[in-house]
Amino acid sequence: MSDAAIGIFDSGIGGLTVMRALVAHLPNEEFIYLGDTARLPYGTKSGDTVTRYAVQAAAALMKRKVKMLVVACNTASAVALPALQEMFAPVPVVGVIVPGAEAAVTAAPEGPIAVIATEGTVKGGAYVRAIEDHGRSIPVIQQACSLFVSIAEEGLVEGDIAEAIARRYIEPLLAAVPKPKALVLGCTHFPALKNTIAKVAGPDIRLVDSAETTAKAVEKILREKNLKRGSAAKPSHTFLATDAPDRFARVGEIFLGQPIDPGRVELVDLQT
Ligand code: DGL
């Protein structure tokens, strides 16, 4: 069982930022990444719809006998994680919200912590709850930044347009009293805009990205459950998309940080 792959899914290509951290942290593991590109964005949809889509994506990966599932999408983690964990037990299902909250509390133990995410993640309040679960009363403020998803998908991660949009979203957070000490990039697409966000946020605010802490959480579970891949053969990764595999490969490279062969992105239908 330990030689099986780890499944990762996201609403699209943004979750490749999480896969990038996982591959760097667990270079001997095989990954199957599923991007539900036909139905992106999840961030503006209702919780019921996102849960339905997430269950279909997870089921498709389970059919491929993954040993563990990583929900790279913040919105799906925020609304569907308990349902997925219950439905697919005993396969471990890990989301990105709890690791992201942990990283934020480590970066700013007294707060305040600002969270930027999609509308769905902000509305559900999952980051606020996960930060509160650390047992301290840390002030948390949130801001939905839906346009960041579109500009990251366009590759407009730096320059005038990205900066103007970042200012619109982030300046109100900077005006909060007391000023936030950490800013959680609570969406798969936001790490791609890290330079621009850092420029607008200034040097006093630590940017927190859940990819690293999620990779560490995954590693811990693999170790505890004795699920680490034993094979010495070079691992190969599989990519699945529900629409436009060529675009997945082309834009996905920005997020994964390495080339993706379009011929190796398989088109899948989650509704059959
Ligand atoms: N993957 C989503 C998230 O991390 C962002 C894109 C979307 O809205 O589907 O919340």
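We count ligands from 1, going down the list as the structure has it; atoms in each ligand are counted the same way.
- Aromatic ring orientation, F31 versus H237: tilted (interplanar angle from 30° to 60°).
- At the shortest separation from atom 10 (O) of ligand 1 among protein heavy atoms lies T75 OG1, 2.6 Å.
- Contacts of T118 with ligand 1, taken as heavy-atom pairs under 4.0 Å, involve the side chain alone.
- Distances from ligand 1 to the non-hydrogen atoms of C187 include at least one value under 4.0 Å.
- Checked for salt-bridge contact, E212 and R20 miss the test: no charged N lies under 4.0 Å from a carboxylate O.
- F148 and Y169 have perpendicular rings, their planes meeting at more than 60° on a 0 to 90° scale where under 30° would count as parallel.
- Shown in contact with H189 at under 4.0 Å from a heavy atom are these atoms of ligand 1, numbered in order with element: 5 (C), 6 (C).
- Contact atoms of ligand 1 toward P41: 7 (C), 8 (O), 9 (O) (distance under 4.0 Å to a heavy atom of the residue).
- A salt bridge links E219 to K228: one of the charged nitrogens lies within less than 4.0 Å of a carboxylate oxygen.
- Among the candidates V66, L240, L61, the single residue satisfying the side chain to side chain contact (heavy atoms under 4.5 Å, CB included) test with F9 is L61.
- D10 OD1, 2.7 Å is the protein heavy atom nearest to atom 1 (N) of ligand 1.
- Among all non-hydrogen protein atoms, the one lying nearest atom 8 (O) of ligand 1 is G43 N, 2.8 Å.
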Pair R39-Q56, side chain to side chain donor-acceptor pair (under 3.5 Å): steps then yes or no: CA-CA 12 Å; R39 302 189 291 196; Q56 289 173 345; 2.8 Å; yes
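- Ligand-side atoms of ligand 1 in range of S11: 1 (N), 2 (C), 6 (C), 7 (C), 9 (O), range being under 4.0 angstrom from any heavy atom.
- Of the charged side-chain nitrogens involved, none lies within less than 4.0 Å of a carboxylate oxygen, so that K216 and E102 do not count as a salt-bridged pair.
- Here atom 7 (C) of ligand 1 lies nearest to Y42 when heavy atoms of Y42, F190, Y53 are compared.
- Taking any N or O of T44, backbone or side chain, none lies under 3.5 Å from an N or O belonging to ligand 1.
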